[in-house]
Amino acid sequence: MKKIFVAVFLVLPLFLKAQSQVVFRKCGTVEAVTKALEEHPELLRNVEQMDLETKEYLMGHDKALDSTLSIPVVFHVFHTYGPERISEAQIKDCIRIMNEDFLNRNADSNLVSMAFRSIVGRPQIRFRLAKKSPTGRCTKGINYLESPLHTQGGENLKSLISWDTKRYLNIWVCSDIASGAAAYAYYPGTAPSQNNEGIVSRDDYVGSIGTSSPGYSARTLTHEIGHYFNLPHTWGNSNQPGLASNCSIDDGVADTPNCIGVTGASCNLNQSTCGQLDNVENHMEYSSCRRMFTQGQATRMHAAINSNVGFRRSLWQGSNLIFTGTTNDGPGPECPPTPDFRASIRRACPGQSVTFTQLAYNVDNPNAIQFKWVFTGGNPEVSTAKNPVVTYSAPGSYPVKLVVSNSAGADSVVRSNYLVIQPQDPAYQVGETEGFESTTFPVFPGQDSKNWEIQNSGSTGWTRSTSAPATGSACMRVVNGTSFTGNVTTLFSPVYQISGLNTGARVNFKYAFARRNTSNTDRLQVSYSTNCGVSWTSLFNKSGAPLATVSSLFTSLFLPSTADWKQESVVMNFLGTAQEFRLRFVFTGGGGNTIYLDDIMISTVTSVSNLQDEDLGISVFPNPSEGFAQVLIQSGDPGKTKLEIWDVTGRNCLLNEELSVEGGTNLISLDRYMDKPRPGSYWVRLRTGKRVMVRQWVVLP
């Protein structure tokens, strides 16, 4: 195929690892390239220049390179200390696979079908992890960055870290790409800026071990690097494989037969779709048996690697190999370790054990690392153990310092307010409402046990606001927008206490939320912990459209009216006697509008004996209620009875009314006898003769 390739818009199907059958992911390349060219039309000049240089290069070069070119590589791994923090071994395995494929040393290269064996190409490109950082610091070419953005990966990762793309091939690794892709790359000169050149990949498409797997996943970065060096798919620039119209589209490579492309990740070596045998084993196909580049593809990549468009030419220059420390394949000098660690829990109670795990990296010999921990206020306060266990006796926020060293040097990290030791005294009882009315919220001076805590992954999150509360004068909100996408903000409560035997508890709260567009993925999660934050049980989890309390879309700041607020009353799944627990409200931004939260309260249904018999019965409905309720009295005989309503403490009587009841059903509307009750928990007591019956009544905020 000899036509000149001008622009590429692609859909790349990739396996969803969690599925048992083969399904496909949409590649981010089409979105990334299309968006970049739409927002920066000046980039089209780069596409035209690259096409011109490619045509000129192909006219003057009809054989492989005389020597192998080396490319410095750096991996930036984004994580929150889960499996997405892939090991150095997995990254090195990925480099091994990339080198085997681009040097044609892959073990399955001898399986290439006879029809294409004579045109197998050897790109002669070698990839080496950088040994020097842009500042000259000793490195092993891997950076780990804690960030919740790993679940919404894309160009946002590049704004956090990007090594000079004129000197390094940057590969950003995350657990999920916002567009749904497995990986994507920019063609030379099509990235929106110099710092955006490179590849973004999910962690389960890096290498063949760890979170990834052999086969298709392991070859994904080989495919993306082909794009990075200006290779389209074998069927050209159609939006998807399998279309008959793809036969008339060119990929700019002479020895790749016209084809429509493989669908379903098949490997039919006899497939012939455009009048000749398809090269289904090509790395730029979608088959499950990718194992080769053609000689024409190798030459096309050489044209890109010799061009200044997209800075590919500067990568392999001798001066840059010296700058990045990649002049040879040796391990290089030992580096001072880079400190990193995680704790088994970040919120604990006095006396609770916390295990710290060191995760230092950037060394060849991890066994030679020495450690010094400083736990201010902890026991012990200083430790040289690799993974120490620490306890704290007093509530408060505590820093943690870790110093790591080896024969090459030392480095340290201090994380302020890293560990929160929480007060154990109960702050709220059943029926008490937190409406965020205190101007000092989340802190209550002189009442430390009542303090709430806010943790943000970014610069902002839950804040107290006097704008449009559900009741009273204040509420909590997150000023949310597209810039908040992927950020997480968490509101932790102090201790709630439920006393006495109960047959159920509810968490009651109000919230309001609006979307900006129908693709918003914002999420609100509510959970509780009975073991001081060691584990959390989910109560409420909504995202996207189900989270919205209004059907309309709001592009300007959403200020809810009274009708826009939604009352939630969710059941907790523990039963029994006295129980203490904490609540957690987690909001994850997904491009939507501002979310509001108000009037948090716990209610219970308490077991009381003799609630009903054949001659007398009492019930309250609705229960819980918003405001007034009705009392239903079933009486076997007519007569006098007394109806009382007491607060949850049993000290304050709100109603003491003598009533005449008839035999049968008697319906009493409480709004006839009392003022509107405040939110909380109440006892409804019925006295007749020597008998007393009690029901609990909960009034929601």
Side-chain angles (χ1 to χ4, degrees), residues 76-91 140 142-148 150 175 203 210-211 334-424 453-457 488 490 492 527 529-536 582 584 586:
H76 309 295
V77 182
F78 290 80
H79 67 95
T80 49
Y81 295 99
E84 73 281 352
R85 190 185 188 277
I86 58 177
S87 68
E88 296 178 50
Q90 183 174 341
I91 291 172
K140 299 302 177 184
I142 302 171
N143 295 313
Y144 290 102
L145 298 95
E146 182 185 7
S147 172
H150 73 82
S175 65
D203 67 271
T211 61
E334 184 61 288
C335 298
T338 299
D340 192 11
F341 65 87
R342 62 177 174 83
S344 56
I345 51 177
R346 295 284 302 277
R347 298 169 56 83
C349 289
Q352 186 174 4
S353 296
V354 182
T355 300
F356 290 85
T357 302
Q358 77 81 23
L359 297 168
Y361 61 98
N362 199 46
V363 295
D364 292 321
N365 183 10
N367 295 325
I369 301 176
Q370 295 179 318
F371 307 93
K372 180 181 179 181
W373 301 81
V374 179
F375 303 106
T376 303
N379 181 24
E381 286 204 9
V382 178
S383 175
T384 57
K386 184 177 182 180
N387 300 311
V389 178
V390 186
T391 60
Y392 293 79
S393 59
S397 297
Y398 295 94
V400 175
K401 180 179 181 179
L402 173 60
V403 182
V404 290
S405 60
N406 61 7
S407 59
D411 199 355
S412 64
V413 61
V414 177
R415 294 177 181 168
S416 302
N417 301 317
Y418 180 76
L419 191 67
V420 176
I421 305 301
Q422 307 163 105
Q424 292 179 295
E453 182 189 356
I454 299 172
Q455 288 184 358
N456 302 324
S457 63
V488 179
T490 305
F492 292 97
S527 54
S529 174
T530 59
N531 55 12
C532 209
V534 174
S535 61
W536 295 87
R582 289 174 167 84
R584 182 178 69 175
V586 182

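With sequence neighbours left out, Y144 forms a ring pair (Phe, Tyr, Trp, His ring centres under 6.0 Å) with Y361.
In this structure, the separation between OG on S405 and CZ on F371 is 9.0 Å, given to the nearest 0.5 Å. Going from atom OG of S147 over to atom NE2 of H76 covers 13.5 Å, rounded to the nearest 0.5 Å. Note that the CZ atom of R85 and the CG atom of D340 stand 4.5 Å from one another [nearest 0.5 Å]. Atom OG of S527 and atom CZ of R584 lie 3.5 Å apart (nearest 0.5 Å).
For the pair N362 (side chain) and K140 (backbone), a donor-acceptor distance under 3.5 Å is present. Within the 3.5 Å criterion, the main-chain N or O of E88 finds no donor-acceptor partner in the side chain of Q90. With hydrogens and angles ignored, the 3.5 Å screen pairs no side-chain donor or acceptor of T490 with any backbone N or O of V586. Judged by distance alone, the side chain of N406 and the main-chain N or O of A410 form no donor-acceptor pair under 3.5 Å.
Within the 4.5 Å cutoff, the side chain of R582 has heavy atoms near those of the C532 side chain. Between V363 and N365 the shortest side-chain heavy-atom distance does not fall below 4.5 Å.
Just one residue in the list F375, W373, Y81 forms a ring pair (Phe, Tyr, Trp, His ring centres under 6.0 Å) with F341, and that residue is W373.
Shown here for P337 and A360, the closest heavy-atom pair between the two residues is CB-CB, 4.5 Å. The nearest pair of heavy atoms linking V534 to I345 is CA-CG2, 3.8 Å. Contact detail for L359 and R342: the closest heavy-atom pair is CD1-CG, 4.0 Å. Considering every non-hydrogen atom in both D203 and I86, the closest pair reads CB-CG2, 3.7 Å. The two residues Q422 and P350 make their nearest non-hydrogen contact at O-CD, 3.2 Å. Looking at every heavy atom in both residues, Q424 comes nearest to C349 through NE2-CB, 4.2 Å.
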Side-chain donor-acceptor pairs of residues 387-404 under 3.5 Å, sequence neighbours excluded:
{"from": "N387", "atom 1": "OD1", "to": "Q358", "atom 2": "N", "distance (Å)": "2.9"}
{"from": "Y398", "atom 1": "OH", "to": "A394", "atom 2": "O", "distance (Å)": "2.7"}

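In this structure, a donor-acceptor pair under 3.5 Å is present between the side chains of H150 and T80.
Y418 carries R346 over the face of its six-membered ring, with the cationic atom under 6.0 Å from the centre and within 45° of the normal.
For the side-chain hydrogen bond (donor to acceptor under 3.5 Å, both in side chains) condition, no pair includes a residue of residues 377-386, sequence neighbours left out.
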For the pair L145 and H79, evaluate side chain to side chain contact (heavy atoms under 4.5 Å, CB included) and give the outcome as yes or no after the intermediate values. CA-CA 6 Å; L145 298 95; H79 67 95; 5.6 Å; no
